[in-house]
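Quick caveat: nothing in here was measured; it's all calculated off a predicted structure. The sequence lines fix the lettering, A, B, ..., with proteins before strands; numbering per chain opens at 1.
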Amino acid sequence: MSAFAAAFFSLGNLVNVALSIAVIGILGVGMTAVILIGGIDLSAGSGVALAGVVAALAAHAVGGDAAGGSLAAAGAAVVAALAVGAIGGGITGLAVSRLRAPSFLVTLALLSIERGLAFLFSSGQAVSDLPAGFNWLGQGILLGVPVPVWLTAACFGGGWFVLSRTVWGRWIYALGGNESAAWLAGIDTRAVALGTYVANGVLVGLAAVVLTARLGAAVPNAGVGYELDVIAAVVVGGTSLTGGRGNVLGTLAGAVCIGILDNALNLANVDPYLQRVVAGVVILLAVLGERIRSRAHA
Amino acid sequence: MPVPVLSAAGITVRYSGVPALQDAGIELYPGTIHALAGENGAGKSTLMRVLAGAREPDNGTITAGGQVLRLRNPRDAHRAGIRMIQQELSLVPGLTAAENIVLGAEPRRWGVIDRRMVRLRAAQAIASLGVPIDAEQPAGRLSLAHRQMTEIAKALDAGGAGTLRVLILDEPTAILPAHEADALHERLRALRANGLAILYCSHRLDEIERLADQVTVLRDGACVATGPVREMPASVLIPLMVGRAIERQSWRAASGTRPGPVVLAVDHLSTASRARGAVARAPGATPGATPGATPRATPRATVGARAGDPEMGFAASVADASFVLRAGEIVGLIGLVGAGRSEVALALIGAVQRSGGSVTLRDVPIRPRWPRDAIRRGIGYVPEDRAASALILHDPVRTNITLAALRSLVRWGVVERVRERLVTQRWTDALRIKTRSIETPVQHLSGGNQQKVVLARWLAAADPSLSVLIADEPTRGVDVGARSEIYGTLRDLADKGTAVLVITSDLAEAIALCDRLLVMREGWLVGELAGDDRTPERAASLMVPS
């Protein structure tokens, strides 16, 4: 056991944990906001794949065969990823806010559409040979810390600030807490909903950048099932699925818990199939614990 | 001396350590209507919940017929013949009245619901009430009054056993217009004659005087008095309830001042075409075409043929309303439920689109497309149902008060927290909102204090001052003490030049508080009463269709 402990608490391993939750963490910030307004995004994983594929194709389109060293190609890839994410979020946002479609169904449809498009655009193949500048975003080290960890930290910091300090954040809580009250108090609830989904989409794009850059290639079946891990992190972090209550710090804690759990089970050589079971049980316990706690308060 | 059918003694209940009831007790006798009086937060709801099995007391005993009862959940209470009618009715809207009546105790034959039996039992329960409820209508289509009657019928059915002994009603008339309340009282008297024990909670003391035999007064979680109603008139009850003598009409400011200039002029306002085809002025105007969230407090006229029928209690549309509001004036808008009062308010703030007419604010024509437009022009709106349409219940007092004022409290998109706290503190002090701190979730406040939070929102949002405040039933579910404070706040606001429009079902309140009364009937603004014309008789003759 002490060998396990030594392995677990080594600095290298802690950085590993941080790195392993980067993508889920970035997605978690957006998902927290979406869940706070009473929505859900089931298309996050597919969105990551599509944005990654489009980013890689954009890099090749701009950089040509010599994509390797081109900074322009790297820039194009990042912009493409963020744009694809924003468009996905925009579609969801418009459908939800204008047509009052349930986000669950809209994003369920997008889950399929985006995954299909990722395969179509990539012809089912991994798109590799990405610009070095792009790959740095996933593999680079800045001041001794991997770049994805910096990006994740920035997303959480930004998410915390927006939600807890800005008007936008206040409106998000109001919309999720009581939509008619928010509307009657003069809040542009449609704009808040649309903006939240677009922001979430941009974060999906960023997560795609980090994942694709880390792998050094865009894979059309990347991110399968990520939406479930992300929702788990958000819920374990105490955000209410009915909206209006929760915050990104909880989501960070939830993501860290899940990351540590995976990591510890790995180090302890637990059967990978059993790992999934254990992870599920822990999520269940976290949610039950939250229910019991909130009942004690009522 | 008759034996109580249900009695409770030494009941203590704590919510997260805070006592809501301390050593409270009550005895209910068969064939007796027992009223429960007290301010909000006095513990009335908690006591009723304990008797109905919705909350197990931390201490104390409940006995029925000499036997100690343990009521761990509503099911236990049902078995003991005790049923409670909640203030928020709890019917399943998609099921018919009959299906609702037998809900949870459906008669079965070979595991399948016995529909014939359902109809039979529903018919029996409805017949014993003597109210013509259409048992085959989905509950969601029934009027509020009939929905309430359906709930009572469900209690009488008592899961098919028909052994109801105790009926508990929490503020049953809060949601009813006056004539419906009278009808309810008549039913309750009939049930009393059949030997039922009825526990009746109400804020309306006149109602207690008229209806009840016994009354128990709760204050701060304790029973401070109990006795026959005839020995305890309002003059005795009120000091007991508030623990101090307040004058019944202390809010009535001497409004000798001449009304100011016209602030809001409404000319031939109408909303979406009426189903009866009486008024279909605006081609292309569709009901329910409101963008964004439709406030839940506004029952949509979904049932075409019945829309606007005041007897049915559906939201009417406005056929024709013309009036002016002047600075410094409180104007009352009265009428039966379904007369279109709330619709006028919703049209003025843009929550419902008007189909005809014009509105000018200080001589400038306005046409708010949605509440935001109205708010920017200084029109505030206190909705009828504060929990559904105004408050974010689990959020703190602070964010609820500043919700509409955020624009003025923001720099670079960031909320200035220090100023926000100052603003919140200022208005909680000014309106004497009783809360542990400004960070307390509003759901922990009493009804009166919650309503003050909604008022504070508009006072805080007004920059520099509110032109018009529209308050729909501002004192509904509010205790006597807070009520007069709310009247005072409205009067202060008027004195500072705001035109105040109050929609109320309480005629006494309307006459005492308002300088002028506008009367609506079936969507038409049919009259205006000022000065000495503001009598209940004059108002009633205008309100009721002849």
Side-chain angles (χ1 to χ4, degrees), chain A residues 36-39 93-94 96-102 157-158 160-195 199 238-247 290 292-298, chain B residues 15-16 55 290-298 345-346 349-351 368 370-376 379-383 385-396 398-407 409-417 420 441-444 454 457-458 461:
Chain A
L36 276 175
I37 63 168
L94 286 175
V96 170
S97 64
R98 296 272 154 177
L99 308 176
R100 307 203 63 73
W160 171 81
F161 184 77
V162 169
L163 286 177
S164 67
R165 292 285 184 269
T166 67
V167 202
W168 196 262
R170 196 63 72 73
W171 288 345
I172 284 176
Y173 282 99
L175 173 57
N178 187 339
E179 183 174 354
S180 14
W183 188 64
L184 286 172
I187 293 170
D188 188 343
T189 47
R190 291 198 292 192
V192 175
L194 178 60
T239 295
S240 158
L241 277 177
T242 52
R245 269 180 292 186
N247 59 65
E290 168 61 29
I292 291 163
R293 206 176 58 85
S294 67
R295 196 186 309 169
H297 273 261
Chain B
Y15 287 114
S16 29
R55 161 81 203 209
T290 315
T294 305
R296 207 158 31 117
T298 318
L346 293 172
I349 61 154
W370 49 316
R372 198 157 130 119
D373 289 346
I375 288 162
R376 287 198 172 156
I379 302 177
Y381 171 59
V382 176
D385 183 341
R386 57 180 167 267
S389 314
L391 294 170
I392 299 160
L393 286 171
H394 50 63
D395 278 2
R398 171 178 53 87
T399 58
N400 270 289
I401 287 183
T402 57
L403 191 62
L406 280 180
R407 287 191 173 281
L409 296 171
V410 157
R411 202 161 25 179
W412 310 112
V414 179
V415 180
E416 292 186 84
R417 284 147 55 90
E420 187 188 20
V442 282
Q443 61 190 357
H444 295 323
V454 181
R457 174 184 295 168
W458 296 112

**Message:** Is B:Leu391 in contact with chain A via its backbone, its side chain, both, or neither, using a 4.5 Å heavy-atom distance?
**Reply:**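 Contact with chain A involves the backbone of B:Leu391 alone.
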
**Message:** Given heavy-atom pairs under 4.5 angstrom as the criterion, report whether the side chain, backbone, both or neither of B:Trp412 touches chain A.
**Reply:**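 Contact with chain A is absent: no heavy atom of B:Trp412 under 4.5 Å.
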
**Message:** Can you tell me which of A:Ala181, A:Gly244, A:Ala182, A:Gly169 forms the most heavy-atom pairs within a distance under 4.5 Å of chain B?
**Reply:**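 Answer, by heavy-atom pair count under 4.5 Å with chain B: A:Ala181.
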
**Prompt:** Out of A:Gly177, A:Ser164, A:Ala185, A:Gly176, which one racks up the most heavy-atom pairs below 4.5 Å with chain B?
**Reply:**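 Of the options given, most contacts go to A:Ala185.
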
**Side chain to side chain, B:Val410 and A:Trp168, heavy atoms closer than 4.5 Å** =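 They are not in side-chain contact.
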
Measure across [X] and [Y] and return the closest heavy-atom pair with its distance rounded to 0.1 Å.
X        : Y        : value
B:Ala374 : B:Pro368 : N-CB, 3.9 Å
A:Trp183 : B:Gly350 : CH2-O, 4.4 Å
A:Thr239 : A:Asn247 : OG1-N, 3.5 Å
A:Leu94  : A:Leu194 : N-CD1, 3.6 Å

**Request:** For chain A, find which of B:His394, B:Arg457, B:Arg376 contributes the most heavy-atom pairs closer than 4.5 angstrom.
**Result:**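 Of B:His394, B:Arg457, B:Arg376, B:His394 has the most heavy-atom pairs under 4.5 Å with chain A.
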
